[in-house]
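Below: the structure, in C-alpha cells.
Computed from a predicted structure; not experimentally measured. In what follows, chains are A, B, ... by sequence order, proteins preceding strands, each numbered from 1.
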Protein chains: 2
Amino acid sequence: MVIDINLSTLQRLKRPEAPSIPQPSLARLPQYHHYLVDLADKGISRISCSVIGAYLGLIPVQVRKDLQYTGIIGKPKTGYSVAELIQAIETFLGWNNINEAFLVGVGNLGTALLGHERFSKFGLRIVAAFDTDSTKIGQWIHEKAVLPLEQLADLAQRMSIHLGIITCPAEAAQAVADEMVKGGIQAIWNFAPVKLRVPDHIIVHNEDLYSTLASLSWKLARRFRVPVQEKEAV
Amino acid sequence: MVIDINLSTLQRLKRPEAPSIPQPSLARLPQYHHYLVDLADKGISRISCSVIGAYLGLIPVQVRKDLQYTGIIGKPKTGYSVAELIQAIETFLGWNNINEAFLVGVGNLGTALLGHERFSKFGLRIVAAFDTDSTKIGQWIHEKAVLPLEQLADLAQRMSIHLGIITCPAEAAQAVADEMVKGGIQAIWNFAPVKLRVPDHIIVHNEDLYSTLASLSWKLARRFRVPVQEKEAV
DNA sequence: GTAGACTCGGTATATGGTTATCGATATAAA
DNA sequence: TTTATATCGATAACCATATACCGAGTCTAC
Ligand SMILES: NC(=O)c1ccc[n+]([C@@H]2O[C@H](COP(=O)([O-])OP(=O)(O)OC[C@H]3O[C@@H](n4cnc5c(N)ncnc54)[C@H](O)[C@@H]3O)[C@@H](O)[C@H]2O)c1
Ligand SMILES: NC(=O)c1ccc[n+]([C@@H]2O[C@H](COP(=O)([O-])OP(=O)(O)OC[C@H]3O[C@@H](n4cnc5c(N)ncnc54)[C@H](O)[C@@H]3O)[C@@H](O)[C@H]2O)c1
C-alpha cells in the first residue's frame with residue numbers, strides 16, 4: 001500500500017490556490033464585525049486597534065494585521081472609521097451578496113437553523129429544506145417548505161443554489177452530500193460528525209460540536225481530577 | 001493609556017498552565033473516536049495510523065502524534081488495538097465521567113441542544129434549563145425542566161454543576177455568564193456571538209457559527225466573483 | 001507654531017504545529 | 001530460521017502564524 005504517499009502528495013497539491021488570508025484571521029473577522037456594529041449603534045465613529053484588541057483579548061498588532069487583509073486604510077493617531085471598517089469587512093467576506101442555501105434534515109438542529117433570522121444579516125438565506133421523513137415533507141417550518149430529498153439535485157441546479165447545509169443523521173450525511181454535489185452545490189456546511197468524501201473542488205466546513213465538547217471535557221477533567229502529570233511517567 | 005502593554009502582559013501571564021496538547025490535536029481526537037467506534041461496530045480489532053489518516057485526510061505521522069498524547073502504545077507492523085484506542089481517547093478526554101450542565105436560553109438553538117441525546121455518550125448531561133420568558137418557565141422540554149434564571153446560581157452551587165451552556169440572545173449573554181460564575185460554574189460553552197468577560201480561571205469556549213459562515217462566504221465569493229487579485233494593487 | 005503622544009504600516013524575529021526522516025521492532029512469508 | 005515489509009516512536013527540519021520592533025504620519029496641547 002502506498003496510501004500515505006498518495007495522501008501527503010494530495011494534500012500538498014490541494015494548496016495551489018494560496019489562501020491569501022490565514023484561516024485564523026478569517027475566523028476573527030466576524031468578531032471584529034460584531035463589536036464594530038455595536039460601536040456604530042452607540043454612535044461611535046472612529047476606533048483604534050488597541051481598543052478593539054482590549055475588548056476581544058487580542059494584542060493591537062494582531063488586530064491591525066487582520067484588518068489589513070480587508071484592504072482598510074487607517075489613519076495614525078485616530079485609527080479607523082467604524083463605518084468604513086464594517087463596510088470593508090462585509091465586502092471582504094462577501095456578506096453584501098446573498099448566498100442562497102438548501103438545508104437537509106429538519107430535526108432538532110435543522111429546525112433551529114431554519115428559525116435563525118439573523119443569518120440573513122450575514123449573507124445567508126436558507127430558501128428550502130429537505131427531508132426523507134414523510135410526516136415532515138409538505139410542512140412549512142419557519143416559513144420554509146420541507147421538500148422530499150429526491151427533488152434536491154434538480155432544484156439546486158435550476159435555482160443555482162451554491163450552498164448546502166447538512167443537519168441529518170451521520171449515517172445519511174454522505175448520501176446527502178452526494179446529492180448536493182450532483183445538484184451543482186459548491187460548498188457544504190456539515191453539522192454531522194462524519195468526514196464527507198466529495199470532489200476536490202467542493203468546499204466543506206465541518207461544524208464539529210464534539211470537538212468543542214472534547215476541549216471542554218478535557219480541561220474540566222484536568223482541573224478536577226489530575227493535579228499534575230497527564231501522560232504516563234517517563 | 002497603556003492598554004496594549006497591560007494586555008500583552010496579561011496574555012503572556014495567562015499561559016502558565018502548559019496545554020500539554022496542542023489545541024488542534026485535541027480537536028481531532030473526537031474525529032478519530034467517531035471512526036474507531038465505527039470500526040469496532042464492524043468487528044475490526046486492529047488499526048494503523050495510515051488507514052486512519054487515509055480516512056480522515058491526514059498524513060499518518062500526524063495521526064500518530066495526536067494519538068501519542070492519549071498515552072496509547074502501538075505495536076510495529078500491526079498498529080493499535082481499536083478497543084484500547086477508544087478507551088484511551090475516552091479516558092484522556094474525560095468522557096467516562098459525566099459532566100452535568102445547565103443550559104440557559106430555551107429558544108431555537110437551546111431546544112435543539114436539549115433534545116440531542118447523543119451528547120450523553122460523550123460525557124455531557126444537561127440536567128436543567130433556564131429562561132426568563134414566563135411562558136417557558138415551568139414547561140418540560142425534552143424531559144428537562146425549564147426554571148427561572150434567578151434560581152441558577154443557587155442550584156448550580158447546591159448541585160455542584162461545573163458546566164454552563166449559553167444559548168440566549170447576545171445582549172443577555174454577559175449577565176447570564178455572571179450568574180453562572182456566581183454559581184461556581186467552571187466552564188462555559190457559549191453560542192452567543194459576544195466576547196464574555198469572566199474571571200481568568202473560568203474556561204470559555206465560543207461556538208462561533210458566524211466564523212464558519214464567514215469562511216464559507218469568503219470562499220464562495222472568491223470563487224464566483226474574484227478571478228484573481230484580492231487585495232488592492234501594490 | 002512647535003513639542004509630544006499616539007497609532008498606523010512594514011519588516012524582522014519567535015513560537016508552535018506540521019511534516020519529513022530514521023532507527024527499532026514485530027509479523028509474515030520463504 | 002532467515003528475510004522482507006509494514007508500522008511505531010523519536011528527533012529534526014520546516015512552515016504558518018503570532019509577536020516584537022521601528023519609522024512615519026497626524027492630531028492635541030501648550
Ligand atoms: N441537535 C444537536 O444539538 C446536535 C449537536 C451536535 C451535532 N448534531 C448533529 O446534527 C445532526 C442532526 O441532529 P439532530 O439532533 O437535529 O437530529 P434529529 O434526529 O433531530 O433530526 C434528523 C433529521 O434528519 C432527517 N433525516 C433522516 N434521514 C435522512 C436522510 N437520509 N436524508 C435527509 N434527511 C434525513 C430526519 O427525518 C430528521 O428530521 C446529527 O448528525 C447530529 O449528530 C446535532
Ligand atoms: N438558532 C441558531 O441557529 C443560531 C445560530 C448561531 C448563533 N445562535 C445564537 O444562539 C443564541 C440563541 O439563538 P436562538 O435562535 O435560539 O434564539 P431564540 O430567540 O430562539 O431563543 C433565545 C431564548 O433565550 C431566552 N432569553 C432571552 N433573554 C434571556 C435572559 N436574559 N436570560 C435567559 N434567557 C433569555 C428567550 O426567552 C428565548 O427562549 C443567540 O445568541 C444566537 O445569536 C443561534
Side-chain angles (χ1 to χ4, degrees), chain A residues 1-15 18-29 45-54 56-82 84-85 88 231-232 234, chain B residues 1-15 18-29 45-54 56-82 84-85 88 231-232 234:
Chain A
M1 274 212 276
V2 281
I3 283 176
D4 45 349
I5 291 174
N6 282 343
L7 250 182
S8 62
T9 310
L10 184 135
Q11 283 217 331
R12 213 176 299 115
L13 292 179
K14 256 188 194 163
R15 252 185 252 151
S20 105
I21 176 173
Q23 177 65 30
S25 299
L26 190 52
R28 281 189 295 268
L29 287 180
S45 65
R46 297 200 70 84
I47 187 74
S48 76
C49 289
S50 317
V51 178
I52 298 176
L56 287 173
L58 303 168
I59 61 175
V61 194
Q62 186 166 46
V63 177
R64 213 177 301 135
K65 249 195 129 210
D66 288 343
L67 296 181
Q68 278 177 359
Y69 288 110
T70 67
I72 189 87
I73 306 279
K75 269 202 284 190
K77 180 70 177 181
T78 57
Y80 304 90
S81 151
V82 173
E84 277 178 24
L85 203 37
K231 301 174 66 177
E232 75 284 18
V234 184
Chain B
M1 272 214 275
V2 282
I3 283 176
D4 46 349
I5 291 173
N6 282 344
L7 252 182
S8 62
T9 311
L10 184 135
Q11 284 217 331
R12 213 175 300 115
L13 291 179
K14 254 186 193 165
R15 251 185 253 150
S20 106
I21 176 173
Q23 177 64 32
S25 298
L26 191 51
R28 281 190 294 269
L29 287 179
S45 64
R46 297 201 70 84
I47 187 73
S48 76
C49 289
S50 318
V51 178
I52 298 176
L56 288 173
L58 304 168
I59 60 175
V61 194
Q62 186 166 46
V63 177
R64 213 176 301 133
K65 248 195 133 209
D66 287 343
L67 296 181
Q68 279 178 357
Y69 289 110
T70 67
I72 188 88
I73 307 277
K75 268 201 285 191
K77 179 74 176 181
T78 58
Y80 304 90
S81 150
V82 172
E84 277 179 25
L85 203 36
K231 301 174 67 178
E232 75 283 22
V234 185

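One atom, CD1 of B:Ile59, and another, C1' of D:dC8, lie 15 Å apart when rounded to the nearest Å. We find that NZ of B:Lys65 is positioned 10 Å from C1' of D:dT11, with the value rounded to whole Å. For the pair A:Ile72 CD1 and C:dT7 P, the computed distance is 17 Å after rounding to whole Å. When the P atom of C:dT7 is taken as reference, atom CD of A:Gln68 falls 16 Å away, rounded to whole Å. Atoms CG (B:Asp66) and P (C:dG17) sit 11 Å apart, rounded to a whole Å. Spacing between atom CG of B:Leu29 and atom P of C:dG17 amounts to 14 Å, rounded to whole angstrom units. Rounded to whole Å, atom C1' of D:dA18 lies 16 Å from atom CD of A:Gln23. Per the geometry, OH belonging to A:Tyr69 stands 13 Å off C1' belonging to C:dG9, to the nearest Å.
Nearest nucleotide to the side chain of B:Gln62, out of D:dA20, D:dA18, C:dT18: C:dT18. In this structure, of C:dG17, D:dA20, C:dA20, it is C:dG17 that holds the atom nearest to the side chain of B:Pro24. Distance from the side chain of B:Lys77 is smallest to D:dA6 among C:dA5, D:dA6, C:dT18. Side-chain atoms of B:Pro76 lie closest to C:dA26 of the nucleotides C:dT18, C:dA26, C:dC8. Comparing C:dT18, D:dT17, D:dG9 by their nearest atom to the side chain of B:Ile73 picks out D:dG9. When the nucleotides C:dT27, C:dT18, D:dC27 are ranked by their closest atom to the side chain of B:Thr78, C:dT27 comes out on top. Checking D:dC8, D:dA18, D:dA20 against the side-chain heavy atoms of A:Ser25 singles out D:dA18 as nearest.
In terms of phosphate contacts, A:Arg28 brings no side-chain nitrogen or oxygen within less than 4.0 Å of OP1 or OP2 of D:dT17. Side-chain nitrogen and oxygen atoms of B:Ser48 include at least one within less than 4.0 Å of the OP1 or OP2 phosphate oxygen of D:dT7. A:Lys75 has a side-chain polar atom (N or O) that falls below the 4.0 Å cut-off from OP1 or OP2 of D:dC27. For the OP1/OP2 pair of D:dC8 and a distance below 4.0 Å, the side-chain nitrogens and oxygens of B:Arg64 include at least one atom meeting the criterion. Between B:Tyr80 and D:dG9 there is a side-chain polar atom (N or O) within less than 4.0 angstrom of OP1 or OP2.
For the atom pair NZ of B:Lys65 and CD1 of B:Ile21, the computed distance is 10.5 Å after rounding to the nearest 0.5 Å. Note: B:Leu58 CG to B:Arg28 CZ = 6.0 Å, rounded to the nearest 0.5 Å. Atoms CG and CD1, from B:Asp66 and B:Ile52 in turn, are 10.0 Å apart once rounded to the nearest 0.5 Å.
If you check every strand for non-hydrogen atoms under 4.0 Å, B:Arg46 touches nothing.
Put simply, the side chain of A:Ser20 does not reach to within 4.5 Å of the side chain of A:Tyr69, judged on heavy atoms. Side-chain atoms of B:Val63 and B:Leu56, non-hydrogen and from C-beta on, never get closer than 4.5 Å to each other.
In terms of position along DNA chain D, the nucleotide closest to B:Cys49 lies nearer the 5' end than the nucleotide closest to the other residue of the pair B:Cys49 and A:Val61.
Listed by chain and residue number, nothing satisfies the salt bridge (Lys or Arg N to Asp or Glu O under 4.0 Å) test with A:Arg64 (two or more places apart in sequence, or in another chain).
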